[in-house]
Amino acid sequence: MGSVIERLTYACANEKGMLMLINLDNFQIFKYVYGEELSQELIKNVSKALDDNTADEDIKGYVGVDEFVVFSQSIADRVAFKRLYRNMRNKLTEYVKKLVGEDMSISLGVSVGVVRVPEEGTDYKELFQKADMALEHVKQTGNSGCAFYGNQDLESDADVVDKVATISRGLDETSIENGALWLDYEHFSIIYRFVKRYIQTYKVKAVKMLLTLYPAGGENITPEEMVEITREFGMVINGALRKSDVMMKSRPNQFFILLPEMGEEYIDKAYNRFMNRWAKNPLARRVQIKCETESL
């Protein structure tokens with residue numbers, strides 16, 4: 001029967017089940033840090049995990065970028081749904097480790113918005129919007145959870161202790177008084193989503209910058225030394241950035257920087273400013289810096 005959209009439209013109008021909108025949390029950050037090839041490989045693995053954890057007759061589609069839509073008759077209650085959710089989350093963690101290794105600081109998660117059919121309607125477009133509203137509820141209260149439309153109590157495996165620990169880590173930022181905001185991954189991702197929304201609403205500019213350190217020619221640097229050099233580099237550039245800028249250590253030898261209210265025409269000036277500071281550091285001769293930028 002026709003396209004995935006046609007099948008979803010027919011199923012929502014004639015069958016009983018659940019329509020789910022599945023989002024990979026912070027996939028855009030992963031894509032920017034690790035590149036298009038690994039990102040597409042991850043999407044293929046997630047699609048396979050969906051096939052492995054749903055029935056053959058369930059309808060599955062890739063919405064694009066970081067989202068999937070599923071209509072399932074086989075997942076008929078919350079118990080079955082939570083089993084799917086946890087399997088997807090565990091599989092995602094497994095795939096990411098295989099692709100980029102154990103030392104990845106960007107831990108992807110899964111967020112899901114769910115709507116019951118036909119209890120909440122039979123029109124696919126309207127049901128999709130309701131699933132999207134439930135997903136947005138998850139995003140507003142924190143990643144890696146799931147919510148049912150009409151009863152949007154967040155279903156999450158994080159308990160109160162985990163949440164308090166996460167908040168505490170975010171408060172313990174390492175930025176110096178006059179530098180950029182230096183956050184851990186969890187809190188950087190919240191700022192990143194906010195800045196994207198701000199840009200879309202007010203049509204302002206922002207730039208993403210990825211700075212990666214490599215041993216300079218002839219230098220023999222151990223992994224432990226690279227971690228220390230990278231941190232030293234981070235402290236130097238942190239002090240050269242604006243208070244409105246945000247940064248995180250995305251890999252052991254890499255920083256991801258978000259520069260709000262900045263157009264591409266000012267990137268060279270900003271880059272030269274903190275690289276001139278770094279050049280005065282004795283460790284600067286041991287590494288070379290690769291800089292990649294992209295408008296947000």
Side-chain angles (χ1 to χ4, degrees), residues 24-42 93 95-109 169-170 172-176 179-193 195-196 206-217 219-242 245-260 262 264 267-268 270-279 281 283-296:
L24 303 184
D25 300 324
N26 303 306
F27 178 76
Q28 294 282 27
I29 297 178
F30 178 91
K31 184 177 180 180
Y32 185 62
V33 171
Y34 290 98
E36 180 72 26
E37 186 176 347
L38 285 183
S39 299
Q40 290 307 309
E41 186 64 28
L42 181 62
T93 301
Y95 293 145
V96 170
K97 287 181 179 179
K98 285 183 179 179
L99 287 174
V100 301
E102 296 280 349
D103 61 349
M104 188 188 78
S105 59
I106 303 175
S107 56
L108 293 177
R169 287 197 304 272
D172 293 333
E173 51 159 303
T174 55
S175 60
I176 60 179
L181 191 62
W182 186 343
L183 298 175
D184 64 9
Y185 161 74
E186 294 293 340
H187 292 82
F188 182 92
S189 67
I190 295 171
I191 298 295
Y192 183 84
R193 293 199 305 273
V195 171
K196 284 189 67 176
V207 171
K208 298 178 289 186
M209 179 179 289
L210 200 63
L211 298 173
T212 309
L213 286 73
Y214 299 97
E219 286 290 325
N220 184 17
I221 302 177
T222 66
E224 292 76 17
E225 288 177 317
M226 181 58 80
V227 168
E228 290 303 315
I229 294 173
T230 301
R231 178 169 177 79
E232 182 75 14
F233 174 72
M235 296 300 293
V236 170
I237 66 171
N238 179 276
L241 291 168
R242 305 168 298 174
D245 299 329
V246 190
M247 60 185 286
M248 74 166 178
K249 190 176 181 182
S250 49
R251 301 174 77 173
N253 65 325
Q254 185 182 79
F255 285 98
F256 185 12
I257 303 172
L258 188 58
L259 304 164
M262 181 176 287
E264 291 187 348
I267 290 301
D268 288 343
Y271 176 74
N272 290 334
R273 183 173 68 250
F274 55 70
M275 287 306 294
N276 287 336
R277 286 201 187 186
W278 173 240
N281 191 295
L283 294 173
R285 64 173 181 78
R286 302 195 65 191
V287 292
Q288 57 184 1
I289 312 298
K290 180 181 179 182
C291 177
E292 301 169 75
T293 62
E294 181 180 294
S295 296
L296 185 62

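The first residue in the sequence is number 1, and the count goes up from there.
Ring pair W278/F233 is perpendicular by interplanar angle, where above 60° counts as perpendicular and below 30° as parallel. Ring geometry for F274 against Y271 counts as perpendicular: the plane angle is over 60°, on a 0 to 90° scale with 30° as the lower cut.
Of all heavy-atom pairs between M262 and A270, the closest is CE-CB, 4.1 Å. Shortest non-hydrogen contact noted between Y192 and Q28 is OH-CB, 4.2 Å. Taking each heavy atom of A284 and A279 in turn, the nearest pair found is CB-CA, 4.0 Å. Taking each heavy atom of D245 and P260 in turn, the nearest pair found is OD1-CD, 3.6 Å. The nearest pair of heavy atoms linking I221 to M226 is CG2-N, 3.6 Å.
Taken to the nearest 0.5 Å, the OG atom of S39 stands 5.5 Å off from the CZ atom of F30. Remark: C291 SG to N272 CG distance equals 9.5 Å, nearest 0.5 Å. Rounding to the nearest 0.5 Å gives a distance of 9.0 Å between CG of N238 and CD1 of I257. Here CZ of R277 is found 12.0 Å from CE of M235. Values are rounded to the nearest 0.5 Å. With rounding to the nearest 0.5 Å, the separation of CG in L213 from NZ in K290 is 12.5 Å. Remark: N281 CG to I237 CD1 distance equals 12.0 Å, nearest 0.5 Å.
In this structure, N220 places its CG atom where only 12 or fewer heavy-atom neighbours from other residues, nucleotides or ligands lie under 6.0 Å away.
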> Would L42 and Y95 satisfy side chain to side chain contact (heavy atoms under 4.5 Å, CB included), going step by step from the backbone distance to the final call?
Replying inline: CA-CA 7 Å; L42 181 62; Y95 293 145; 4.0 Å; yes
>> Please evaluate residues F188 and L181 with respect to the criterion side chain to side chain contact (heavy atoms under 4.5 Å, CB included), reporting the C-alpha separation (whole Å), side-chain torsions for both, the decisive distance (0.1 Å), and the verdict.
In response: CA-CA 9 Å; F188 182 92; L181 191 62; over 6 Å; no
> Can you check side chain to side chain contact (heavy atoms under 4.5 Å, CB included) on I289 and F255, steps first, answer last?
Replying inline: CA-CA 11 Å; I289 312 298; F255 285 98; over 6 Å; no
> Given V287 and T230, is the side chain to side chain contact (heavy atoms under 4.5 Å, CB included) satisfied, shown in steps?
Replying inline: CA-CA 9 Å; V287 292; T230 301; over 6 Å; no
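Residues I29 and S189 form a side-chain contact, since some pair of their non-hydrogen atoms from C-beta on lies under 4.5 Å apart. Two residues are said to be in side-chain contact when any heavy atoms from C-beta on lie closer than 4.5 Å; M248 and L258 fail this criterion. Inter-residue side-chain proximity for K249 and V227 is flagged as met; some heavy-atom pair is nearer than 4.5 Å. At a threshold of 4.5 Å between non-hydrogen side-chain atoms, the residues M247 and M209 do not count as touching.
Between the side chain of E219 and the backbone N or O of A216 there is no donor-acceptor pair closer than 3.5 Å. A donor-acceptor pair is defined here as one N or O able to donate and one able to accept, closer than 3.5 Å; such a pair exists between the side chain of R273 and the backbone of A240.
In this structure, the salt bridge (charged side-chain N to carboxylate O under 4.0 Å, His left out) partners of E36, at least two apart in sequence or on a different chain, are K31. Scored by the salt bridge (charged side-chain N to carboxylate O under 4.0 Å, His left out) test, E294 finds K208 as partners (sequence neighbours excluded).
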